[in-house]
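This report refers to the structure that appears directly beneath it.
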Number of protein chains: 2
Amino acid sequence: MRQSCRACSIRARALCGVLPEGALDQINRMSRRRRVAAGRALFGEEEGAGVVATVLAGVAKVSVSLADGRTQVVGLHFPSDFIGRPFAAAPPPLTEAATDVEVCLFERNRFEALLDEHRELKQHFVRQITEDLDAAREWMLLLGHKTAEERVASLLLLCLDRTAPPACAGLEAPTDAGSRFDLPLSRTEMAQYLGLTIETVSRMLKRLSTEGVIGIEHGRGIRVHDRASLAACAERAAA
Amino acid sequence: MRQSCRACSIRARALCGVLPEGALDQINRMSRRRRVAAGRALFGEEEGAGVVATVLAGVAKVSVSLADGRTQVVGLHFPSDFIGRPFAAAPPPLTEAATDVEVCLFERNRFEALLDEHRELKQHFVRQITEDLDAAREWMLLLGHKTAEERVASLLLLCLDRTAPPACAGLEAPTDAGSRFDLPLSRTEMAQYLGLTIETVSRMLKRLSTEGVIGIEHGRGIRVHDRASLAACAERAAA
DNA sequence: CGACTCATTGATTACTATCAACCCGCGTGG
DNA sequence: CCACGCGGGTTGATAGTAATCAATGAGTCG
């Protein structure tokens, strides 16, 4: 099942992309691929603390819960995103496949050694966590102060931006109008990510649709007519 | 204004505590102290991206905002907490003194060099960011799914746990009953941290008070009669 | 002693949750 | 082949929590 890192589809954008050519064989040997079906945990109960991974395809969700079952999705991992907690003492939060997922797995301790060896890698890794932290804080703003419609619009925007650019990097979206994508989350998962109920999510999608900002195709498919107006919906003043 | 790291009150718990004795003189020379009055930014506009710091005394708050003024407090920094973003590209979020604050400042690039030199420091630093991320995610759960009363109780619990243990480390709170502390945040700041309005915060404090879980002393002072029941309030089932 | 800020308290509104019914696509099995 | 059940999604009616609007109280500083 091993494939060459040299041919990896997401290497350019992933953490490992900063490694010098010479190290590719090395990481090629210490990595393995894994497919996970939608709905299943990415790692085994015990395993989670001991591995790290990069998403090759699909979307993974991270969630935390209260004893009574209330669950909050706290993050999404799209292709090229890094998953895992080098040096951490606490166990990682539950990470599951939202869609079918393919990941590139590393033993955590071997990855830690790699971090020690390659200064570049270490810096990019720190940058990556910092971005995760920023994203979480952005989402706190959403959960604390945005209206239901703004929340749904924000999520659509996120999915659009992370899904749409399939290969183009460094450039702004060339065609600002008329892009489409499939939501990687069910209504239940969207609700858990947005701090809403599935009914409210459904109603807000409808509203955005009747407002003409998006089109909905058989549930999961979303067509964004105009990114700018969707962005406006994502943070228009409460008034 | 320079003082010896050897005599630093929070060294045992702070990041710099992991450095060997031999490095103390070195960091002593590269650090400087700064006092910031409540309500003022910790760093200048330009300065923020170029420095890192450790909180010596007081509490700092981190916040993000929407264009229309809606503001979310996304984190608090208590004494011994680290502030700053080594290797980051994005500018840091606004960090202000909630109470009067005293910090120990380092130039960011010198701190980055220190991270490269000392493996121990690097690992603890990564652990620290990871904990920040976990804390943010915990708070997302609060903002997404907790009731107003649970939110207020959760904040009190946080302040209690970060304020109460003045020197004792490694031990559970010995006297579980009858501790008191002063809230480091105004009602407005509490509301911005909890995703509520100041009126609701005030009402919930009142409710917790009449429920007998806490006592309120002239606004900022909080007496916790029983930590366990406060913890219960912080995540009791919605029913 | 006002002017001001911060907090409390009360009355009312409204956004979103809850409760409930229904639809749709799909796989099963009589 | 179609009744049936089931999960996921939509739509509607109602209710409740917290926001909003509004007024009062307490503490501080000129």
Side-chain angles (χ1 to χ4, degrees), chain A residues 37-39 61 66 68-72 98-99 142-156 182-210 214-222 233 236-239, chain B residues 37-39 61 66 68-72 98-99 142-156 182-210 214-222 233 236-239:
Chain A
K61 65 172 187 192
L66 248 24
D68 60 26
R70 282 175 284 177
T71 296
Q72 175 71 37
T99 65
L142 176 148
L143 293 169
H145 291 287
K146 284 192 181 179
T147 65
E149 185 177 359
E150 289 175 312
R151 295 185 198 199
V152 172
S154 299
L155 176 57
L156 295 181
D182 284 310
L183 281 168
L185 302 178
S186 70
R187 295 291 186 271
T188 299
E189 292 165 326
M190 292 176 67
Q192 289 174 341
Y193 195 22
L194 298 173
L196 300 170
T197 59
I198 61 175
E199 294 96 327
T200 299
V201 170
S202 184
R203 280 187 250 270
M204 294 305 136
L205 283 170
K206 180 90 177 300
R207 184 191 291 182
L208 288 170
S209 171
T210 58
I214 62 168
I216 302 175
E217 298 164 359
H218 62 274
R220 290 282 183 115
I222 299 292
C233 290
R236 66 167 127 235
Chain B
K61 65 172 187 193
L66 249 22
D68 60 25
R70 283 176 284 178
T71 297
Q72 176 72 38
T99 65
L142 176 148
L143 293 169
H145 291 287
K146 284 193 182 181
T147 65
E149 186 177 359
E150 289 175 313
R151 296 185 198 199
V152 171
S154 298
L155 176 57
L156 295 181
D182 285 310
L183 281 168
L185 302 178
S186 69
R187 294 292 186 270
T188 299
E189 292 165 326
M190 291 175 68
Q192 289 174 340
Y193 195 21
L194 298 173
L196 299 171
T197 59
I198 61 175
E199 294 96 325
T200 300
V201 170
S202 185
R203 280 187 250 270
M204 293 305 137
L205 282 170
K206 181 89 179 298
R207 184 192 291 184
L208 287 169
S209 170
T210 58
I214 63 168
I216 302 174
E217 298 165 358
H218 61 275
R220 292 279 184 117
I222 299 291
C233 290
R236 68 166 127 234

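So that the names make sense, note that chain A is the first sequence line, chain B the second, and so on, each numbered from 1. In this text, all values refer to a predicted model and were calculated from it rather than measured experimentally.
- Closest to the side chain of B:R220, out of D:dT10, C:dT16, C:dA7, is C:dA7.
- Taking only side-chain atoms of A:S186, from C-beta outward, the nucleotide of D:dG9, C:dT16, C:dC19 with the closest atom is D:dG9.
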Subject >> A:T147/A:E150 under side-chain hydrogen bond (donor to acceptor under 3.5 Å, both in side chains): CA gap, chis, key distance, verdict >> reply: CA-CA 5 Å; A:T147 65; A:E150 289 175 312; 3.2 Å; yes

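- With contacts defined as side-chain heavy-atom distances shorter than 4.5 Å, the pair A:L194/A:T200 does not qualify.
- Between the CZ atom of A:R151 and the C1' atom of C:dC15 there is a distance of 11 Å, rounded to whole Å.
- Of the residues A:Q192, A:M190, A:R220, the one that meets the side chain to side chain contact (heavy atoms under 4.5 Å, CB included) test with A:L185 is A:M190.
- The listed nucleotides are D:dG12, C:dA7, C:dT16; the one nearest the side chain of A:A148 is C:dT16.
- B:H218 has its NE2 atom 17 Å from the C1' atom of D:dG25, to the nearest Å.
- In this structure, the nucleotide among D:dT11, C:dG10, C:dT16 sitting nearest to the side chain of A:E199 is D:dT11.
- Residues A:D182 and A:T99 form no side-chain contact, since every pair of their non-hydrogen atoms from C-beta on lies 4.5 Å or further apart.
- With distances taken from any side-chain atom of A:R203 to the nucleotides D:dA13, D:dA18, D:dT10, the minimum falls on D:dA13.
- Regarding B:L183, its CG atom lies at a distance of 16 Å from the P atom of C:dC6, rounded to whole Å.
- Between the CG atom of A:L194 and the P atom of C:dA17 there is a distance of 10 Å, given to the nearest Å.
- For the pair A:I198 CD1 and D:dG12 C1', the interatomic distance rounds to 14 Å; values are reported in whole Å.
- When the P atom of D:dT10 is taken as reference, atom CE of A:M204 falls 13 Å away, rounded to whole Å.
- A sub-4.0 Å separation between OP1 or OP2 of D:dA19 and a side-chain N or O of B:T200 is present.
- For the pair A:R207 CZ and D:dT11 P, the computed distance is 14 Å after rounding to whole Å.
- Salt-bridge formation is not detected for the pair B:R187/B:E199: no Lys NZ or Arg NE/NH1/NH2 atom is positioned less than 4.0 Å from an Asp or Glu carboxylate oxygen.
- In this structure, B:K206 does not reach the C:dT8 phosphate: none of its side-chain N or O atoms is under 4.0 Å from OP1 or OP2.
- At whole-Å resolution of the value, CD in B:Q192 and C1' in C:dC6 are 14 Å apart.
- Distance from the side chain of B:S202 is smallest to C:dT8 among C:dT8, D:dA19, D:dA18.
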